[in-house]
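What follows is one structure encoded as C-alpha cells, with my remarks underneath.
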Amino acid sequence: MSVRGRGAARLAAGTLVSGLAVTGVLAGAGTAVADETAPRQGGAVATIGGLKTYGAAVIRGAAGDQQVSAGLFEMSVEGGGMLQTYCVDIHTPTQKDARYHETPWSGTSLGTNEDAGRIRWILQNSYPQVNDLAALADRAGVRGQLTEQDAAAGTQVAIWRYSDDVAVDAVDPQAEQLADYLHKHARNQPEPRASLTLDPPAVSGRPGERIGPVTVRTDARSVTVSPPADAATSGVRIVDENGEPVTTAADGSRVFFDVPEDAAADTAQLTAQASTTVPVGRAFASESRSQTQILAGSSESTVSATASATWAEKGPVPALSARENCAEGGVDVTAANRGDAPFTFELAGLEHTVAPGETRTVTLPLSEDRPYDFTIEGPGGLEQRFTGMLDCRTRAAEIGTTTHTLGDPGPTPLAGTSTDTDLAETGASSATPWIAGTAIALVVLGGAGLVVTRRRQAPSGD
C-alpha cells in the first residue's frame with residue numbers, strides 16, 4: 001500500500017456530527033451498490049430494560065462517598081430471547097431502552113484491560129451462573145443468608161473493581177463478603193467466541209465464479225442462510241465448495257456467492273441467523289454511549305450476521321469492512337482487492353493504494369466518545385458509509401473517580417457528597433449535557449453502533 005498526502009479530508013455536513021468523508025477510485029467497474037441495510041459484525045442485538053435484581057454499593061472517592069445501585073440488568077433480544085448483564089464503566093449512565101449490539105472486547109474498554117479475563121471468571125463462578133445461593137455462600141465463606149439481591153450486588157462490585165479500578169464496597173455484609181471472595185480468587189479466562197459471525201464480512205471477485213469463501217463461526221447447532229433479497233431476478237446463489245445451494249450451515253461451514261457470468265457489476269448480501277445461548281462474558285456496546293454491558297446469562301436467543309460480495313468484470317474490485325480497535329484508538333478499515341488493477345482510496349487526507357490480490361488494513365485514529373461518519377465511494381455508484389462512536393475508555397480512566405455517580409432507582413448521598421445531581425440509571429451526572437448532545441447526534445446518524453451502509457444511486461443521465 002502506498003501512502004501520500006492529499007490534503008484535509010472532506011468534512012461531512014452537520015453541526016452535531018464529527019464526519020470524515022473518504023473518496024475512492026473504482027476505475028472500470030460498473031454500478032456496485034447494495035441495499036440500505038446496516039450490516040454489522042454479527043451476534044445478538046438487544047434493548048436494555050434496566051436493573052432487575054440489585055442491592056446497594058458505595059464508591060469511595062476524593063469527593064466523598066456515593067451510594068449506587070449494583071446488580072443485574074435485563075435486555076430483550078431482537079427476534080426473541082432475554083439476556084442478563086452486569087455493567088462496566090461505573091461512571092457512565094445506563095440509559096433505559098438503549099439499543100446494544102454484541103461486540104468483541106477489542107471494541108470496548110475491556111480490550112485494553114488486562115483484567116478482562118478475571119471479570120469473565122467472576123461471571124462464570126457467581127450469580128446467576130451459580131444459582132444455588134447456599135452453595136455459593138458456602139464456597140465464598142459468606143456468613144448469614146445470601147439473597148439474590150446480595151449475590152447480584154456482590155458480583156457487580158467485584159466486576160467494578162476490575163473493570164474500573166475503583167474503590168467500591170457492597171453495603172450489605174453478605175454481598176461484601178461475596179465481592180471480596182470473587183475479587184481475590186478471580187483468574188484470567190480467555191475471551192468467549194462470538195455467538196455468530198461471518199468471516200470475512202466482505203468478499204469480492206469476478207462474475208461467473210464463486211466468490212468467497214465466507215466462513216461461519218458460531219456456537220449454534222444450526223444456522224439458516226438466506227440469499228440476497230433479489231436472488232430470484234439477479235441469479236446470485238449461495239453455495240458450498242461444490243457449487244451446491246446452501247440454506248443451512250454449521251460452525252466452520254464455508255459458503256460462497258455464485259454470481260452469473262453475465263451479471264453486471266454489483267453487490268449482494270447474504271444473511272445468517274440462528275437461535276442459541278450467547279456465551280457468558282460477551283461484551284455489549286450501546287449505540288448511544290450508554291454504559292458497556294457484559295453478559296452474565298442468556299436464554300435461547302436470536303442472533304444474526306451478514307456478509308456482502310462485490311463483483312466487476314474488470315478493474316479493481318474492492319471488498320471493504322471496518323471494526324473498532326481500542327488498542328489503537330481508532331477504526332481499522334480493511335480493503336481487499338480481487339481485481340486486476342490497483343484500488344485507490346483516500347482516508348483522512350491520505351491516499352492508500354491496494355494492489356491486485358492484496359489486502360490492507362488502515363487504522364483511522366479517532367477521538368474518544370465522539371461520533372464518526374465517513375464514506376468510501378467511487379464511480380459507478382460504489383458508496384460504503386461507516387458510522388459509529390469510539391467508546392474505548394471508562395469514565396474513571398478519562399477523568400478520575402471524583403465524578404458524582406448515580407444509581408437506579410436513585411442514589412443515596414453519604415457524608416461529604418453533593419446532592420445537586422441529575423438522576424440517571426447508573427453513572428455520572430456531570431455528563432448529562434454531553435449525553436443529551438450525543439443522543440441528538442446519534443439520531444442524526446441513525447444509530448452510532450459500527451454499521452456499514454451502501455446506497456443505491458440512480459444512473460446518471462449524462
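Just so you know, these numbers come straight off a predicted model, no measurement behind them.
- Two residues are said to be in side-chain contact when any heavy atoms from C-beta on lie closer than 4.5 Å; P201 and V214 fail this criterion.
- Side-chain contact check for I238 versus F257: some heavy-atom pair is nearer than 4.5 Å.
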**Request:** Please step through side chain to side chain contact (heavy atoms under 4.5 Å, CB included) for the pair C392 and E368, ending with a clear verdict.
**Result:** CA-CA 7 Å; C392 291; E368 177 76 4; 3.5 Å; yes
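- Between the side chain of R338 and the main chain of R206, no donor-acceptor pair closer than 3.5 Å is present.
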In sequence, state the C-alpha distance, the side-chain angles, and the governing distance for L123 and I159, and then conclude on side chain to side chain contact (heavy atoms under 4.5 Å, CB included).
CA-CA 8 Å; L123 294 166; I159 289 171; 3.7 Å; yes
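- Between the side chain of E328 and the backbone N or O of N325 there is no donor-acceptor pair closer than 3.5 Å.
- Panel note: side chain D258, backbone R210; no donor-acceptor pair is recorded below 3.5 Å.
- Formation of a donor-acceptor pair under 3.5 Å by the D164 side chain with backbone atoms of I90 is found in this model.
- Closest approach of A335 and F345 over heavy atoms only: CB-CE2, 3.9 Å.
- In this structure, A151 and Y86 approach most closely via the heavy-atom pair O-OH, 4.3 Å.
- Taking both residues in full, the closest heavy atoms of D340 and P356 are given as C-CG, 3.7 Å, listed atom of the first, atom of the second, then distance.
- Between the side chain of R254 and the main chain of G252, no donor-acceptor pair closer than 3.5 Å is present.
- How far OG of S109 is from CZ of R393: 10.5 Å, rounded to the nearest 0.5 Å.
- For the pair R193 and D219, the salt-bridge criterion is not met [side-chain N within less than 4.0 Å of a carboxylate O].
- With hydrogens and angles ignored, the 3.5 Å screen pairs a side-chain donor or acceptor of Q156 with a backbone N or O of C87.
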Y162 vs V88, test: side chain to side chain contact (heavy atoms under 4.5 Å, CB included). Steps then yes/no.
CA-CA 9 Å; Y162 282 121; V88 299; over 6 Å; no
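- A salt bridge does not link D132 to R139: none of the charged nitrogens lies less than 4.0 Å from a carboxylate oxygen.
- The OG atom of S126 lies 4.5 Å from the CG atom of L178; values are rounded to the nearest 0.5 Å.
- Between D266 and S234, every side-chain heavy-atom pair lies at or beyond the 4.5 Å cut-off.
- Ion pair D373/R385 flagged as a salt bridge, since at least one NZ, NE, NH1 or NH2 atom sits closer than 4.0 Å to an Asp/Glu carboxylate oxygen.
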With side chain to side chain contact (heavy atoms under 4.5 Å, CB included) as the test, would you mind laying out the steps for E324 and Y372 before giving the verdict?
CA-CA 11 Å; E324 291 167 355; Y372 59 84; 2.9 Å; yes
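- Between the OG1 atom of T108 and the CD atom of Q291 there is a distance of 12.5 Å, given to the nearest 0.5 Å.
- Tested against N337 for a side-chain contact (heavy atoms from CB on, under 4.5 Å), the candidates V354, T353, L320, T344 yield a single pass: V354.
- For the pair N242 (side chain) and E244 (backbone), a donor-acceptor distance under 3.5 Å is absent.
- Of the possible polar contacts, one joining the S299 side chain to the M82 backbone as a donor-acceptor pair under 3.5 Å is found.
- By the 4.5 Å heavy-atom criterion applied to side chains, I376 and V333 are counted as neighbours.
- Counting heavy atoms from C-beta on, the side chains of E241 and P213 never come closer than 4.5 Å.
- Residues R217 and T197 are in side-chain contact: their nearest non-hydrogen atoms beyond the backbone lie under 4.5 Å apart.
- The distance from the CZ atom of R221 to the OG1 atom of T276 is 7.0 Å, given to the nearest 0.5 Å.
- Put simply, the side chain of V331 does not reach to within 4.5 Å of the side chain of F386, judged on heavy atoms.
- Taking the side chain as every heavy atom from C-beta outward, L390 and D369 never approach each other to under 4.5 Å.
- In this structure, OH on Y100 lies 4.5 Å from CD on Q293, to the nearest 0.5 angstrom.
- Between T361 and D332, the side chains place no donor N or O within less than 3.5 Å of an acceptor N or O (distance only, hydrogens not considered).
- With 3.5 Å as the limit, one finds a donor-acceptor pair spanning the side chains of E102 and S195.
- Across all non-hydrogen atoms, the minimal contact from T92 to D89 is OG1-OD2, 2.9 Å.
- Using a distance-only test at 3.5 Å, with no hydrogens or angles considered, no donor-acceptor pair links the side chain of S301 to the main chain of G81.
- For the pair D115 and R161, the salt-bridge criterion is not met [side-chain N within less than 4.0 Å of a carboxylate O].
- Taken from OG1 in T302 to CG in L196, the straight-line distance is 11.0 Å, to the nearest 0.5 Å.
- There is a side-chain donor-acceptor pair under 3.5 Å between T267 and T310.
- Side-chain N/O atoms of R118 and S163 include no donor and acceptor closer than 3.5 Å.
- The heavy-atom pair separating V278 from R282 by the smallest distance is CG1-CG, 3.9 Å.
- Side-chain atoms of H183 do not come within 3.5 Å of backbone N or O of A179 as any donor-acceptor pair.
- Across every non-hydrogen atom of G281 and W105, the tightest pair is O-NE1, 2.9 Å.
- Remark: the Q84 side chain and the Y127 side chain contain no N/O donor-acceptor pair separated by less than 3.5 Å.
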